[in-house]
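Chain A is the first sequence line, chain B the second, and so forth, proteins listed ahead of strands; every chain is numbered from 1.
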2 protein chains.
Amino acid sequence: MMSMISNEGQDIKCDALTLRAIRDAMETLSGNWKLQILLALSSGPKRFRQIAKEIDGISDKMLSKELKALETNLLVTRFVYDTFPPTVEYKKTNYTETLFEVMLALRNWGLLHRQTIGKK
Amino acid sequence: MMSMISNEGQDIKCDALTLRAIRDAMETLSGNWKLQILLALSSGPKRFRQIAKEIDGISDKMLSKELKALETNLLVTRFVYDTFPPTVEYKKTNYTETLFEVMLALRNWGLLHRQTIGKK
DNA sequence: CTGGATCCTCAGGGATACTG
DNA sequence: CAGTATCCCTGAGGATCCAG
């Protein structure tokens, strides 16, 4: 017997592959910073120090690490300009747009959930 | 200037409230176990030991803790039957169904992403 | 300015034993 | 069976310093 989650005629098969896919997605967005970084870049390309200033509480180490992770996931591109002092610019990619449905679903459920739970 | 993420005429405003909502949603699903527990319960109510057996590698402590978290988030209900030895049954709620869109979006993007990144 | 290297702390989570 | 209590360890992440 195959377990399912169903809604209005659509099903999600609850198999290992699905579970893995969901976890892949969650992992590439997990942590306190990745979304904030993508948000910071949503208004245009920015430099390292500029991003660091916009995100409250992030350390250089974390910003560096998270940017690298986002880059290997093709969600951020890194441009190095050969100037002195060095200039490095980060920008979001077209691929970032594919996250739209995910963000929307998460946002909608998050809003619903806060209402449901009744957090202030 | 308000930053946005757009797609086919729809926008997500990238404000603090949205960011918080997204993180709320991610947090209630985060960790290695919550999804597996919901998956285990998607095929029907189960008892503590039964769930533990189905999920490879989970410790009693984690299962207990995660079940409690899911319960306070209204995603799982706990029934205690007054028998000896004690029987406790966990089952998913109707509210769990509201996660459908989220799961679907995450699954779809996870599948796309694995293709894009080219993991085997 | 852009980050890498190092050190350190603290909490998440495993193993085990125990209670009702 | 259904958990709780205790101990312990590891790794995520902050602070700081330094190099290109």
Side-chain angles (χ1 to χ4, degrees), chain A residues 19 23-41 43-93, chain B residues 19 23-41 44-73 75-93:
Chain A
L19 192 62
R23 286 206 286 180
D24 279 355
M26 301 236 338
E27 194 180 331
T28 93
L29 298 179
S30 71
N32 294 305
W33 308 118
K34 298 202 187 66
L35 283 168
Q36 291 191 66
I37 294 172
L38 290 180
L39 166 56
L41 294 180
S43 58
K46 298 223 168 72
R47 301 174 57 182
F48 188 90
R49 190 57 43 193
Q50 217 173 342
I51 303 172
K53 225 177 305 173
E54 273 187 39
I55 301 180
D56 199 47
I58 194 170
S59 65
D60 283 3
K61 187 170 105 179
M62 284 312 293
L63 180 52
S64 172
K65 185 181 146 201
E66 299 289 58
L67 280 169
K68 232 175 257 174
L70 290 171
E71 202 189 346
T72 78
N73 282 318
L74 307 181
L75 294 170
V76 156
T77 320
R78 186 173 182 271
F79 293 101
V80 182
Y81 298 97
D82 189 13
T83 58
F84 186 87
T87 303
V88 181
E89 209 174 63
Y90 295 90
K91 81 192 279 290
K92 64 171 176 164
T93 66
Chain B
L19 192 60
R23 286 206 286 182
D24 280 356
M26 301 238 338
E27 194 181 331
T28 93
L29 299 179
S30 71
N32 294 305
W33 309 118
K34 298 202 187 68
L35 283 169
Q36 291 191 65
I37 294 171
L38 290 180
L39 166 56
L41 295 180
K46 299 224 167 73
R47 301 175 57 182
F48 189 91
R49 191 57 42 196
Q50 218 173 342
I51 303 172
K53 225 176 307 172
E54 272 188 39
I55 301 180
D56 197 47
I58 194 169
S59 65
D60 283 3
K61 188 170 102 178
M62 283 312 294
L63 180 52
S64 173
K65 185 182 144 200
E66 299 289 60
L67 280 169
K68 233 175 255 176
L70 289 170
E71 201 189 348
T72 78
N73 282 316
L75 294 170
V76 156
T77 320
R78 183 174 184 271
F79 293 101
V80 182
Y81 298 97
D82 191 12
T83 58
F84 186 85
T87 303
V88 180
E89 206 172 66
Y90 295 91
K91 81 192 280 289
K92 64 171 176 163
T93 66

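- Taking side-chain N and O atoms only, B/R47 has a distance below 4.0 Å to OP1 or OP2 of D/dA2.
- Atoms CZ (A/F48) and P (C/dG3) sit 6 Å apart, rounded to a whole Å.
- Going from atom CZ of B/F84 over to atom C1' of D/dG3 covers 14 Å, rounded to whole Å.
- OP1 or OP2 of D/dC1 has not a single side-chain nitrogen or oxygen of B/Y90 nearer than 4.0 Å.
- Where B/N32 and A/T87 meet DNA chain C, the nucleotide closest to each residue was compared, and A/T87 sits on the side nearer the 5' end.
- Shown for residues 59-79 of chain A: residues whose heavy atoms fall under 4.0 angstrom of DNA chain D, namely A/S59, A/K61, A/M62, A/K65.
- Between the OH atom of A/Y81 and the C1' atom of C/dC1 there is a distance of 15 Å, given to the nearest Å.
- Using modelled atom types, one side-chain atom of B/Q50 and one backbone atom of B/R47 make a donor-acceptor pair closer than 3.5 Å.
- Atom CD in A/E27 sits about 14 Å away from atom C1' in D/dA12, given to the nearest Å.
- In this structure, NZ of B/K53 is placed 11 Å from C1' of D/dC1, rounded to the nearest angstrom.
- Each of B/K65, B/K53, B/R49 was scored for a salt bridge (Lys or Arg N to Asp or Glu O under 4.0 Å) with B/D60, with one residue passing: B/R49.
- Counting to the nearest Å, the C1' atom of D/dA12 and the CH2 atom of A/W33 are 13 Å from each other.
- The separation between A/D56 atom CG and D/dG14 atom C1' is 14 Å, rounded to whole Å.
- Counting heavy-atom neighbours within 6.0 Å of A/E54 CD, excluding the residue itself, gives a total above 12.
- When rounded to the nearest whole Å, the span between CD of A/Q50 and C1' of C/dG3 equals 16 Å.
- Each of D/dG3, C/dG20, C/dG3 was ranked by its minimum atom distance to the side chain of B/P86; first place goes to C/dG20.
- For the pair B/K46 (side chain) and B/A40 (backbone), a donor-acceptor distance under 3.5 Å is present.
- No side-chain donor-acceptor contact under 3.5 Å links A/T93 to the backbone of A/V76.
- Summarising the geometry, atom CG belonging to A/L75 is positioned 10.0 Å from atom NZ belonging to A/K34; distances are rounded to the nearest 0.5 Å.
- Here the CG-CD1 distance, from B/L67 to B/I58, works out to 7.5 Å after rounding to the nearest 0.5 Å.
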